Every structure is written in structure tokens, then in C-alpha cells.
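Below is one structure. I have some questions about it.
Remember, predicted model here, so these are calculated numbers, not experimental data. Just so you know, these numbers use all the heavy atoms, side chains as well, and skip hydrogens, waters and symmetry mates.
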Amino acid sequence: MKNLNAVRADLRDHLESLGDASVKVITFIHGVEHVPPHQLLSVLGELHRVLAPGGRLILEFPNV
């Protein structure tokens with residue numbers, strides 16, 4: 001079994017608590033469509049900030 005962590009928290013608060021380039025993989029499944037349009041670029045910027053070099057961001061947004 002792999003030692004993987006899942007977190008349930010407010011998205012903005014959690015992202016702000018993470019260090020730069022501190023996460024190897026982020027899955028954001030069925031979540032993008034729930035981010036208010038005026039916050040979307042900021043959220044994507046935070047996802048990019050915390051993603052480690054060579055890391056993976058997995059987005060799925062079927063109900064755009």
C-alpha cells in the first residue's frame with residue numbers, strides 16, 4: 001500500500017497553507033465547475049504554485 005494523503009478542506013485555505021512546489025500530484029475532479037468564475041484564474045495560479053517541477057495536475061470538468 002502506498003502512503004497517500006487525502007485532504008478535505010476549503011480549497012483556498014488549503015492551497016494557501018502549502019509551500020511552493022510542495023505537491024507532486026493534484027487531482028481536481030469535478031471541482032473546477034464549482035469555482036466562481038472570478039476566482040478561477042487565482043485558483044489555477046495557486047495550483048501551479050504548489051505543484052512541484054515535473055508534477056502532475058489532473059483536472060476533470062464535465063459540466064462546464
Hydrophobic clustering (ILVMFWY, side-chain heavy atoms < 4.5 Å, transitive) - are Ile26 and Leu40 grouped together?
yes
For residues 49-61, run the donor-acceptor check on the side chains, cut-off 3.5 Å, and write out each pair with its distance to 0.1 Å, sequence neighbours left out.
| residue | atom | partner | partner atom | Å |
| --- | --- | --- | --- | --- |
| Arg49 | NE | Glu46 | OE1 | 3.2 |
| Arg49 | NE | Glu46 | OE2 | 3.2 |
| Arg49 | NH1 | Leu18 | O | 3.0 |
| Arg49 | NH1 | Asp20 | OD1 | 2.6 |
| Arg49 | NH2 | Leu15 | O | 2.8 |
| Arg49 | NH2 | Leu18 | O | 3.1 |
| Arg49 | NH2 | Glu46 | OE1 | 3.0 |
| Arg56 | NH1 | Gly54 | O | 3.3 |
| Glu60 | OE2 | His30 | NE2 | 3.2 |

I'd like to know if Val25 and Ile29 are part of one continuous hydrophobic network [Ile/Leu/Val/Met/Phe/Trp/Tyr, side-chain heavy atoms within less than 4.5 Å].
yes
Out of curiosity, Gln39 CD to Arg12 CZ, how far, rounded to the nearest 0.5 Å?
6.0 Å
Hydrophobic clusters join Ile, Leu, Val, Met, Phe, Trp and Tyr when side-chain heavy atoms are under 4.5 Å apart, directly or via other members; which others share one with Leu41?
none
Min side-chain heavy-atom separation Phe28-Leu44 under 4.5 Å:
no
Could you grab the distance from atom NE2 of His34 to atom CG of Leu11, nearest 0.5 Å is fine?
12.0 Å
